[in-house]
Protein chains: 2
Amino acid sequence: MLKLTKRTEYALTALSHMQSQGEGELTTAREISEKYSISFQLLSKILQHLSKENLIKPIQGAKGGYKLITDLTEISLWQFLEMMEGPLGLVDCIITSECQKMDGCVILSPIHKINKTVQNIFMNIPISDITN
Amino acid sequence: MLKLTKRTEYALTALSHMQSQGEGELTTAREISEKYSISFQLLSKILQHLSKENLIKPIQGAKGGYKLITDLTEISLWQFLEMMEGPLGLVDCIITSECQKMDGCVILSPIHKINKTVQNIFMNIPISDITN
DNA sequence: TTTATACAGGACTAAATGAGTCGTATTAGC
DNA sequence: GCTAATACGACTCATTTAGTCCTGTATAAA
Ligand code: SF4
Ligand code: SF4
């Protein structure tokens with residue numbers, strides 16, 4: 001119930017790498033894929049996704065690549081996880097606001113409270129804590 | 001990356017119910033299954049598992065059932081989750097101590113730190129916070 | 001203008017995990 | 001001996017995650 005998806009791990013690895021390359025530098029998917037032994041095709045999709053989320057900017061064509069265009073201190077781990085994995089929550093009713101067992105559920109309220117606790121912690125961790 | 005398994009939810013629901021029944025009272029799987037609309041067979045396995053973990057004591061035969069034999073204030077959410085779902089960790093290398101990508105991994109150390117943070121929080125939440 | 005390099009993205013397959021079922025055995029009260 | 005309860009292995013079904021395949025588009029440079 002706690003494990004990051006590989007997608008998330010790879011995304012963090014990629015961002016970490018790009019950040020270490022210095023401001024405005026280009027990095028290719030191939031480069032990261034080879035350095036960290038990540039499937040090129042899979043990594044490509046992840047980078048495309050990070051582009052859509054405006055964390056990096058893609059440059060097409062030969063001599064192309066990706067450029068980091070975000071201050072990673074401004075993005076919380078919670079935000080990032082939701083970017084990568086979709087809405088988060090300890091239980092379905094937090095994620096979709098729906099559950100047939102809702103009335104009569106005896107654990108709903110305490111679980112929501114714990115969920116909030118975790119959320120608060122993750123919201124206070126910038127992903128730069130990971131990529132630095 | 002945060003969702004509890006149904007097994008865990010059902011286990012918590014069952015414990016909550018049993019706790020509300022008062023000390024030394026017997027509860028049957030059927031009873032809980034019907035009250036909370038949980039598959040009887042599935043719930044049975046979960047209760048059997050809780051028995052093996054010595055949280056409840058099974059009494060066989062007619063007029064049998066399960067009896068809560070643990071002080072739930074003494075069991076942390078972390079312990080409980082590991083009971084129900086096995087070893088927890090944000091990444092594989094925390095769970096199995098193994099990963100081919102370990103050397104050269106740039107996110108390992110910061111991820112371990114965050115993992116520790118979450119672990120500490122969960123270790124300080126007794127499951128009685130949920131079942132009460 | 002051709003060629004090589006890089007991103008874009010839909011469709012698909014494979015593997016792993018989670019959820020739930022079936023059937024049968026065992027135990028014990030009445 | 002009948003009934004009501006737990007015990008448990010083996011199985012099926014559903015969902016999610018991981019990874020692949022293939023074709024298309026953009027652009028720098030020869
Ligand atoms: S309402 Fe209760 S059973 Fe339904 S998802 Fe929320 S916590 Fe789980
Ligand atoms: S070593 Fe790095 S890549 Fe491997 S599991 Fe740990 S964090 Fe993930």
Side-chain angles (χ1 to χ4, degrees), chain A residues 1-11 13-14 18 25-34 36-53 55-67 69 81 84-89 91-92 95-96 99-101, chain B residues 1-11 13-14 18 25-34 36-53 55-67 69 81 84-89 91-92 95-96 99-101:
Chain A
M1 62 85 51
L2 208 60
K3 219 173 76 175
L4 304 177
T5 62
K6 288 296 174 190
R7 270 172 58 84
T8 304
E9 275 198 57
Y10 297 160
T13 300
M18 293 177 79
E25 282 293 315
L26 278 190
T27 317
T28 67
R30 182 70 61 184
E31 188 182 332
I32 298 173
S33 146
E34 280 170 1
Y36 302 99
S37 310
I38 300 169
S39 148
F40 168 71
Q41 299 270 13
L42 184 50
L43 180 63
S44 292
K45 303 235 155 147
I46 292 166
L47 294 175
Q48 281 161 35
H49 187 224
L50 291 177
S51 298
K52 287 204 180 142
E53 298 284 356
L55 297 199
I56 61 183
K57 185 181 171 195
I59 315 254
Q60 283 201 333
K63 298 279 174 187
Y66 295 95
K67 189 173 13 174
I69 54 169
L81 288 171
M84 297 305 299
E85 309 186 5
L88 295 181
V91 286
D92 279 333
I95 300 171
T96 68
C99 173
Q100 294 159 328
K101 302 198 178 92
Chain B
M1 63 83 53
L2 209 62
K3 219 172 78 176
L4 304 177
T5 61
K6 288 296 175 192
R7 272 172 58 84
T8 304
E9 274 198 55
Y10 296 160
T13 300
M18 292 177 79
E25 283 293 315
L26 277 190
T27 317
T28 68
R30 182 72 60 186
E31 188 182 332
I32 298 173
S33 146
E34 280 171 1
Y36 302 99
S37 309
I38 300 169
S39 148
F40 168 70
Q41 299 270 15
L42 184 50
L43 180 63
S44 292
K45 302 233 156 149
I46 292 166
L47 294 175
Q48 281 160 35
H49 187 228
L50 291 177
S51 298
K52 286 204 181 141
E53 298 283 357
L55 297 199
I56 61 184
K57 185 181 171 195
I59 315 252
Q60 283 202 331
K63 299 279 173 186
Y66 295 94
K67 188 172 18 172
I69 54 169
L81 288 170
M84 296 306 299
E85 308 186 5
L88 295 181
V91 287
D92 278 334
I95 300 171
T96 69
C99 173
Q100 295 159 327
K101 302 197 177 92

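For clarity, every value in this text was computed on a predicted model and none was experimentally measured. Below, chain A is the first sequence line, B the second, and so on; all start at residue 1.
Shortest non-hydrogen contact noted between B/S37 and A/K101 is O-CE, 2.9 Å. Scanning all heavy atoms of the two residues, the minimum distance from B/L26 to B/K63 falls at CD1-O, 3.5 Å. Here the closest non-hydrogen pair linking A/K3 and B/D92 is NZ-OD1, 3.0 Å. The shortest non-hydrogen separation linking A/S44 to A/Y66 is O-OH, 4.2 Å.
Looking at heavy atoms from C-beta onward, A/Q41 lies out of side-chain contact with A/K45 at the 4.5 angstrom threshold. A/F40 has its side chain within reach of A/R30: a pair of non-hydrogen atoms, C-beta onward, lies under 4.5 Å apart. Side-chain contact between B/L55 and B/I69 is absent, with no heavy-atom pair separated by less than 4.5 Å.
Side-chain nitrogen and oxygen atoms of A/Y10 include none within less than 4.0 Å of the OP1 or OP2 phosphate oxygen of D/dA18.
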Extract from the structure each pairing of a protein N or O with an N or O of nucleotides 11-15 of chain C at less than 3.5 Å, listing the distance.
from, atom 1, to, atom 2, distance (Å)
C/dA11, N6, A/K45, NZ, 2.9

Anything under 3.5 Å between a protein N or O and an N or O of nucleotides 12-16 of chain D, put it in a table, one pair a line.
none

Could you list, one pair per line, each protein nitrogen or oxygen that sits under 3.5 Å from a nitrogen or oxygen of nucleotides 1-5 of chain C, together with the distance?
from, atom 1, to, atom 2, distance (Å)
C/dT5, O2, A/A62, N, 3.1

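In this structure, of C/dC7, C/dT27, C/dA19, it is C/dA19 that holds the atom nearest to the side chain of B/K6. Of the listed nucleotides (D/dG19, C/dA8, C/dA19), D/dG19 has the atom at the smallest distance from the side chain of A/L42. With D/dG19, C/dT27, D/dT25 as the choices, the nucleotide that has an atom nearest any side-chain atom of B/Q60 turns out to be C/dT27. Among the nucleotides D/dT20, D/dA7, C/dC7, the one closest to the side chain of A/S39 is D/dT20. Side-chain proximity of A/Q41 to the nucleotides D/dG19, D/dT20, D/dC8 is greatest for D/dT20.
Looking at A/S33, its side chain does come within 3.5 Å of a backbone N or O of A/I38 through a donor-acceptor pair. In this structure, B/E9 contributes its side chain and A/V91 its backbone to no donor-acceptor pair below 3.5 Å.
Using a 4.0 Å heavy-atom criterion, one finds that B/K52 contacts the sugar-phosphate atoms exclusively. Note on A/L47: nothing from the nucleic acid sits closer than 4.0 angstrom, heavy atoms only.
When the nearest nucleotides of DNA chain C are assigned to A/T28 and B/F40 by heavy-atom distance, the more 5′-ward of the two goes with A/T28.
As a whole-Å value, the separation of B/I38 CD1 from C/dT21 P is 12 Å.
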